[in-house]
J.: 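One structure, pasted below without further comment.
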2 protein chains.
Amino acid sequence: MYETRFIARLLLNKYSGDDMGNIREVAKLAGVSVTTASRVFNGHPYVSEEKVKAVMEAAEKLNYTKNINAVHLSKGRTNSVGIVLPFLHLPYYGEWLHGLAEEAIKEGISLQVFQTNYQKKAEIDALQSLKSRQVDGLIIVSRINEIEVISAFREDGPIVLCEKIEQGFPSVYIDHYQAFQTALETLREKGHQSIGLCIHRKTGTNSIERIQAYRDSLKKFKMDLNEEWIFTGCYTINDGIRVMNEWEKLKNRPTALLATSDQVAAGIVSEAKKAAIDIPGDLAVMSCDNHPISELLDITSIHIPVKEMGRRAFKLFIRSLDGEDNVREKLETNIFMRSTI
Amino acid sequence: MYETRFIARLLLNKYSGDDMGNIREVAKLAGVSVTTASRVFNGHPYVSEEKVKAVMEAAEKLNYTKNINAVHLSKGRTNSVGIVLPFLHLPYYGEWLHGLAEEAIKEGISLQVFQTNYQKKAEIDALQSLKSRQVDGLIIVSRINEIEVISAFREDGPIVLCEKIEQGFPSVYIDHYQAFQTALETLREKGHQSIGLCIHRKTGTNSIERIQAYRDSLKKFKMDLNEEWIFTGCYTINDGIRVMNEWEKLKNRPTALLATSDQVAAGIVSEAKKAAIDIPGDLAVMSCDNHPISELLDITSIHIPVKEMGRRAFKLFIRSLDGEDNVREKLETNIFMRSTI
DNA sequence: CTGAAAGCGCTAACAC
DNA sequence: GTGTTAGCGCTTTCAG
């Protein structure tokens, strides 16, 4: 049996690591038990100096490295976390991941990234990876499946959400309702009575909150409401350009646009310039994130501490592992006034 | 023994999946052998209809999910690949990952991301994860360690590089030397005799190639050379702003700047505008990547198919797994002429 | 301080 | 078609 398997691996896989011993071989060469060798590799106490040395030497000689998969199986965890997000090319998620990765490396936790493209199935694959113990937990930056679907995996491990969720999950979030209220109030004070919205999608906790704040504000101040003024699918610079073109075609135009992403606002502003539309004279623009590009183009933007969210989400994941699995953290926003409103 | 372990897990970890059976229990409940159950879960042939059904039902009843770590250990691979890159917040890498992730999901390969921050140690950790079999292979988008260090891990699994490397690794790359030559030639034709460089770093295959092209071109055309004109550490918009400020302080100023990133060029161009410096009159600017921001700001840029590189790198990884582990692919670039030169 | 041995849960060779 | 069983390589309990 040994033979067959060995030969098969040789044939199938040149990376069979044939020259890499396992802990048993190391132990044998060092003249100690497997237990002792294991202790040495894990820095456990109560091993004599000389045995430590013998084991280290044997390991060196055999070019030994732990097979981490065996460790994972034996320990029942993987020291890794899955990050679930829709798109990797949007600056928002890049920034977010950057913050998270900085924390994760400190804790020696590895990162498994699941780009869902907002496909339900892809997101469920990520959830499955929790159930199958590929990752110890999940951080869902943005989701597409209903919360009930997510909840079904709740018992399989910590799941951190990044939205204002009532209970059942640890989460880090922005009060988008409040932020939008403030933003709309600010625009109103500037004299805008008709305001349009550029938003990612109509679903999703964050989007729903934002739309709600929008509708509520309009009603409260008896401002104009027009379904045509809600532009969805707005993620990128190009989407902003598209919005600007649509705006131009509108018979009844809003005098201000509130976008949920700086990229979109950037597209709007630059396309406006090309079309000789005066910002903020003909159209005021305000966006979210306060990403460097907004400063660059001098776009008024609501600062969202994206990187910090990534960091916090990771910390919540860690706390969740320790049993504190219902913490919710709200992060603050503030408006950076610039020239586009 | 069973007892102790069980209780310990209950105490330590609420996510012990107590209600989740393993394949043995499923097999028992279904009244079949473990092998048969395994066959069912892996879609292997030669299992009778009824047994398939029995196994499926038992699995359902026990809320069974494969423990993927056991699979990994048993099979000797993990169906995952590690991506090594310095920074997750730079659009370049986001774009790159996006392309890669799209391919990976098709093949059911999961992504482990290693953000190194260009710290040698973090990069080595990634390499170790290959050796410890945490990932089946590595794609190094940009590295900081010497090639010899990487080579030492060559036998542990496929390692795909993204640079023009002589041999020993599969790789996908851009001929940066040629691209820069063309760019510099273009600037020269526009009458520029003194050209500055904004580059990531002085090391790294790609940077070295670019600097070499720079020096060679200057020499060839007897253009001015001034070490002060080489700005390093240029990655972001803010770095571009910094460069612009430094440029202004220069006694002897280059009349053109060639940047390796659109972000940097964007910073330069917008800061120039603030300082009432005419682009391209006082200073011509050209950059690399042709990221949407360059179109936005109408910056002349060398198009680099970043997303495609991500895709190709992944495909090379797959081919490498299949034994074709020395393929090198060159991707083409082309200049998008806009208003900054 | 040390070691024997029983797991962890799945795969697959081999025998029937 | 199906089942038995020996791995995969490490951790950890328990008994010295």
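Order of the sequence lines sets the chain letters (A, B, ...), proteins ahead of strands, with each chain counted from 1.
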J.: How many Å lie between CD on A:E25 and P on D:dG9, as a whole number?
T.: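 That distance rounds to 9 Å.
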J.: To the nearest angstrom, how far is B:K28 atom NZ from C:dG9 atom P?
T.: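 The distance from NZ of B:K28 to P of C:dG9 comes to 14 Å, rounded to the nearest Å.
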J.: With respect to A:L62, which candidate in A:N22, A:I23, A:V26 satisfies the side-chain contact (heavy atoms from CB on, under 4.5 Å) definition?
T.: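 Of the listed options, the one satisfying the test is A:V26.
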J.: Quickly work out the A:I68 CD1 to D:dC8 P distance and round it to whole Å.
T.: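 Rounded to whole Å, this separation is 18 Å.
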J.: With respect to the phosphate group of C:dC8, does any side-chain polar atom (N or O) of B:N22 fall under 4.0 Å of OP1 or OP2?
T.: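 Indeed not, no polar side-chain atom of B:N22 lies that close.
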J.: In terms of side-chain heavy atoms of A:S38, which of D:dC10, D:dT11, C:dT11 is nearest?
T.: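 In terms of side-chain proximity for A:S38, the closest of D:dC10, D:dT11, C:dT11 is D:dT11.
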J.: Assuming nearest nucleotide by heavy-atom distance, tell me which of A:R24 and A:R39 is located more 5' along DNA chain D.
T.: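 First, find each residue's nearest nucleotide; the 5'-ward one identifies A:R24.
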J.: Between A:H44 (NE2) and C:dC1 (C1'), how many Å, whole number?
T.: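 One finds 15 Å between C1' of C:dC1 and NE2 of A:H44, rounded.
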J.: Can you find a donor-acceptor N/O pair under 3.5 angstrom joining the side chain of B:T35 to the base of C:dA12?
T.: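 Such a pair exists between side chain and base.
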J.: C:dG3 phosphate, OP1 or OP2: any side-chain N/O from A:S33 under 4.0 angstrom?
T.: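 Result: yes.
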J.: Taking atom types as modelled, find out whether B:T35 and B:S38 have a side-chain donor-acceptor pair closer than 3.5 angstrom.
T.: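 Absent: no donor and acceptor within the cut-off.
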J.: Identify, with sequence neighbours excluded, every residue that meets side chain to side chain donor-acceptor pair (under 3.5 Å) alongside A:E95.
T.: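 For A:E95 there are no side chain to side chain donor-acceptor pair (under 3.5 Å) partners, ignoring immediate neighbours.
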J.: Expressed as a whole number of angstroms, how long is the span from A:N42:CG to D:dG9:C1'?
T.: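 That distance rounds to 13 Å.
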J.: Using the side-chain heavy atoms of A:Y64, tell me which of these nucleotides is nearest: C:dA12, D:dG7, D:dC10.
T.: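 For A:Y64, the side-chain atoms sit closest to D:dC10.
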J.: Would you mind classifying the nucleic acid contact of B:V34 as base, sugar-phosphate or nothing, using non-hydrogen atoms under 4.0 angstrom?
T.: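 It contacts base atoms.
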J.: To check you understand the geometry: which heavy-atom pair defines the closest contact between B:M309 and B:Y173, and what is its length?
T.: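 For B:M309 and B:Y173, the tightest heavy-atom pair comes out as CE-CA, 4.1 Å.
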J.: Any side-chain N or O of A:N69 under 4.0 Å from OP1/OP2 of D:dC8?
T.: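 For A:N69, the contact criterion (side-chain N or O under 4.0 Å from OP1 or OP2 of D:dC8) is not met.
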J.: Which of the following nucleotides, D:dG9, C:dT2, D:dT2, is nearest to the side chain of A:T36?
T.: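 Of D:dG9, C:dT2, D:dT2, C:dT2 is nearest to the side chain of A:T36.
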J.: In residues 45-53 of chain A, which residues come under 4.0 Å of DNA chain C by heavy atom?
T.: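 DNA chain C contact set from residues 45-53 of chain A: A:Y46, A:V47, A:S48, A:K51.
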J.: Is the number of heavy atoms from other residues, nucleotides or ligands within 6.0 Å of NZ (A:K28) greater than 12?
T.: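 12 or below, so no.
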J.: For the pair made of CG in B:L62 and P in C:dG9, what is the distance, rounded to whole Å?
T.: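 Those two atoms, CG and P, are 13 Å apart.
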J.: Could you tell me if the ring centre of B:F41 sits under 6.0 Å from that of B:Y64?
T.: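 Yes: the rings meet the under 6.0 Å criterion.
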J.: How are the rings of A:H98 and B:H89 set relative to one another: parallel (under 30°), tilted (30 to 60°) or perpendicular (over 60°)?
T.: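 Plane angle between 30° and 60°, so tilted.
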J.: Nearest to the B:I23 side chain among D:dT11, C:dT11, D:dG9, which nucleotide is it?
T.: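 That would be C:dT11.
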J.: Can you check the B:H72 NE2 to D:dG9 C1' distance for me, whole Å?
T.: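 About 15 Å, once rounded to whole Å.
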J.: Which of the following nucleotides, C:dT11, D:dT11, C:dC8, is nearest to the side chain of B:S74?
T.: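 Among C:dT11, D:dT11, C:dC8, the one nearest the side chain of B:S74 is C:dT11.
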J.: Under the side chain to side chain donor-acceptor pair (under 3.5 Å) rule, what do A:S110 and B:Q112 come out as? Steps first, then yes or no, please.
T.: CA-CA 7 Å; A:S110 48; B:Q112 200 111 25; 3.0 Å; yes
J.: Figure out the CG/P separation between B:L73 and D:dT11, and round it to whole Å.
T.: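 My rounded result for the distance is 12 Å.
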